[in-house]
Amino acid sequence: MWIERLDASHALDYRALMLEAYDLHPQAFTSSVRERATMPLSWWESRLTSKLEVVFGAFEEGKLAGIVGLAFEPRQKAWHKATLFGMYVSGKVRQRGVGYRLVQTALAEAQKHERLKLIQLTVTAGNEAAFNLYQRCGFIQYGLEPMAVRVGEDYFDKIHMWREL
């Protein structure tokens with residue numbers, strides 16, 4: 001397994017893995033499979049080439065099996081913050097440290113940006129595996145957003161976490 005920064009050439013695989021994530025774990029993402037499936041390939045390519053985002057992928061046997069993104073703030077007063085987003089590991093490779101390695105790769109990238117002082121993220125309340133992963137990576141909870149995501153008739157809270165660099 002290896003991890004690398006994704007670029008426009010990975011757009012189809014990135015799209016497929018994110019749609020899988022939205023479909024299998026709708027409570028974990030603010031975006032839905034329905035709204036993202038309609039986005040043109042150029043939209044997915046732009047996510048992978050943006051100056052305000054970087055996305056890393058974990059590859060197993062040449063196939064994209066995990067992803068994580070890091071979004072940088074465009075406003076000067078918030079340049080010291082970045083957001084970890086879009087974390088997903090395919091069920092085929094879970095429990096093998098892929099998520100940990102992806103988060104560590106994102107943190108290493110963040111360290112390269114001198115202005116950054118902290119990384120923030122949200123995780124769905126009740127997703128103990130993800131919450132524990134983020135804690136192992138040094139993130140601490142600082143808040144809870146009630147009813148942050150609605151899936152059908154159900155609402156899910158989001159835990160807000162942060163980590164100083």
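On a predicted model such as this, the values are computed, not experimentally measured, just so you know.
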Does E128 have more than 12 heavy atoms from other residues, nucleotides or ligands lying within 6.0 Å of its CD? yes
Can you give me the closest heavy-atom contact between [X] and [Y], atom names plus distance?
X    : Y    : answer
A125 : I159 : CA-CD1, 3.8 Å
V54  : R5   : CG2-NE, 3.1 Å
A106 : L84  : CB-CD1, 3.6 Å
K158 : A28  : NZ-O, 2.9 Å
R36  : S31  : NH2-OG, 2.9 Å
G57  : L64  : CA-CD1, 3.6 Å

Taking atom types as modelled and ignoring hydrogens, do the side chains of H160 and Q120 form a donor-acceptor contact shorter than 3.5 angstrom?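 No.
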Is it the case that one hydrophobic cluster holds both [X] and [Y], taking links as side-chain heavy atoms less than 4.5 Å apart, direct or via other members?
X    : Y    : answer
L6   : F29  : yes
L102 : F59  : no
V123 : F139 : yes
F131 : V89  : yes
L144 : L121 : yes

Are K63 and E60 close enough for a salt bridge, meaning some N to O gap below 4.0 Å? no
Between E164 and K117, does at least one N-O distance fall below 4.0 Å, as a salt bridge requires?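 Salt bridge flag = no for K117 with E164.
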Given side chains that start at C-beta, do those of [X] and [Y] come closer than 4.5 Å, heavy atoms only?
X    : Y    : answer
I3   : R101 : yes
I119 : T83  : no
M87  : L133 : yes
R163 : Y134 : no
V149 : T124 : no
Q111 : L165 : yes
V98  : M1   : yes
M39  : W44  : yes

Throw together a table of side-chain donor-acceptor distances under 3.5 angstrom for residues 13-24, partners on residues two or more places apart or in other chains.
residue: R15; atom: NH2; partner: A37; partner atom: O; Å: 2.9
residue: E20; atom: OE2; partner: Y88; partner atom: OH; Å: 2.6

Which residue is it: L48, V68, D7, T49? I am looking for the one with a side chain to side chain contact (heavy atoms under 4.5 Å, CB included) to V55.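 Between V55 and the candidates, side chain to side chain contact (heavy atoms under 4.5 Å, CB included) is satisfied uniquely by L48.
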So how far is it from [X] [atom1] to [Y] [atom2], rounded to the nearest 0.5 Å?
X    : Y    : atom1 : atom2 : result
E53  : F85  : CD    : CZ    : 4.0 Å
D157 : Q27  : CG    : CD    : 12.5 Å
L107 : L116 : CG    : CG    : 10.5 Å
N132 : N127 : CG    : CG    : 9.0 Å

Any donor-acceptor pair under 3.5 Å linking the side chain of [X] with the backbone of [Y]?
X    : Y    : result
K51  : F72  : no
S90  : G66  : no
R136 : Y100 : no
S50  : S46  : no

Show, in sequence, the C-alpha distance, side-chain angles and deciding distance for M161 and T122, and conclude whether the side-chain contact (heavy atoms from CB on, under 4.5 Å) test is met. CA-CA 6 Å; M161 302 182 82; T122 62; over 6 Å; no
Applying salt bridge (Lys or Arg N to Asp or Glu O under 4.0 Å), name anything that partners E73, two or more places apart in sequence or on another chain.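 With sequence neighbours excluded, E73 shows a salt bridge (Lys or Arg N to Asp or Glu O under 4.0 Å) to R75, given in chain and number order.
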Give the intermediate values and the outcome of side-chain contact (heavy atoms from CB on, under 4.5 Å) for residues H10 and E4. CA-CA 11 Å; H10 299 105; E4 66 182 66; 3.3 Å; yes
